[in-house]
Amino acid sequence: QVQLVESGGGLVQAGGSLRLSCAASGRTFSNYATGWFRQAPGKEREFVAAIMWTIASTNYADSVKGRFTISRDNAKNTVYLQMNSLQPADTAVYYCAARYGNYRSTRRNDWDYWGQGTQVTVSS
């Protein structure tokens, strides 16, 4: 059973940075993609970024391109989301997700495994 555990959320001022971590366990992640989604109060859960474990190809939502960077450490089975130039609009619960295959999928229902989420709050 795949388990995903997020950490690194918190409160930061606008313009600041945070790094989220997602520790994955329960299987070998060859040919798996891991991604980040976020959900703000009253809004749908939306795609943020994704990466393939093996080839490190990445995909980003337009709203975070140039500010967020997704990366992975295969030895630690951990995926990171470095978030810079944070804005109040980035305030949300951030969820780690995993799926077999296509890292380009941005639809929530295409992703099979989810973590519990970590809160990110950006103050103005």
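Glu6 contributes a side-chain N or O that, together with a main-chain N or O of Gly117, makes up a donor-acceptor pair within less than 3.5 Å. In this structure, Ser85 contributes its side chain and Gly15 its backbone to no donor-acceptor pair below 3.5 Å.
Side-chain contact between Thr78 and Cys22 is absent, with no heavy-atom pair separated by less than 4.5 Å. Side-chain contact between Leu81 and Val79 is absent, with no heavy atoms from C-beta onward closer than 4.5 Å. Taking 4.5 Å as the limit, every side-chain heavy atom of Tyr95 sits out of range of all side-chain heavy atoms of Arg108. Between Met83 and Tyr94 there is a side-chain heavy-atom pair separated by less than 4.5 Å.
Considering NZ of Lys76 and OG of Ser21, their distance stands at 9.0 Å, rounded to 0.5 Å. Considering CG of Asn31 and CG of Asn102, their distance stands at 12.0 Å, rounded to 0.5 Å. Between the CG atom of Asn77 and the CD atom of Gln3 there is a distance of 12.5 Å, given to the nearest 0.5 Å.
Closest approach of Ser105 and Asp110 over heavy atoms only: OG-OD2, 2.5 Å. The minimum heavy-atom distance linking Leu18 with Gly8 is given by the pair CD2-O, 3.9 Å. Here the closest heavy-atom approach between residue Val48 and residue Val64 is recorded as O-CG2, 3.5 Å. Among all heavy-atom pairs drawn from Ile70 and Thr58, the shortest one is CG2-CG2, 3.7 Å. Looking at every heavy atom in both residues, Ser17 comes nearest to Asn84 through OG-OD1, 2.9 Å. The shortest non-hydrogen separation linking Pro88 to Ala14 is CD-CB, 4.1 Å.
By the criterion of side-chain heavy atoms lying less than 4.5 angstrom apart, applied directly or through intervening Ile, Leu, Val, Met, Phe, Trp or Tyr residues, Ile51 is not grouped with Tyr103; the two fall into different hydrophobic clusters. Two different hydrophobic clusters hold Val120 and Trp114 under the rule that ILVMFWY side chains link at heavy-atom gaps under 4.5 Å. The hydrophobic clustering, which links ILVMFWY residues whose side-chain heavy atoms are closer than 4.5 Å, places Tyr80 and Leu86 apart. Hydrophobic clustering of Ile, Leu, Val, Met, Phe, Trp and Tyr side chains at less than 4.5 Å, counting indirect connections, unites Tyr113 with Tyr100. In the hydrophobic clustering of this structure, Met52 does not group with Leu4; members are Ile, Leu, Val, Met, Phe, Trp, Tyr whose side-chain heavy atoms approach within less than 4.5 Å, directly or through other members.
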Query raised in the report: Should Val2 and Ser25 be marked as a side chain to side chain contact (heavy atoms under 4.5 Å, CB included) after you check the CA-CA gap, both sets of side-chain angles, and the distance that decides it?
Result: CA-CA 6 Å; Val2 173; Ser25 62; over 6 Å; no
Query - Criterion side chain to side chain contact (heavy atoms under 4.5 Å, CB included) on Asn59 and Phe47, from CA distance to verdict - result: CA-CA 10 Å; Asn59 187 30; Phe47 172 80; 3.7 Å; yes
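Looking only at atom types and distance, the side chain of Thr121 has a donor-acceptor partner in the side chain of Gln119 under 3.5 Å away.
For the side-chain hydrogen bond (donor to acceptor under 3.5 Å, both in side chains) condition, the pairs that include at least one residue of residues 41-50, sequence neighbours left out, are Arg38-Glu46, Gln39-Arg45.
Taking the six-membered ring where tryptophan is involved, the planes of Trp111 and Phe37 are perpendicular, since the angle between them exceeds 60° and thus also 30°.
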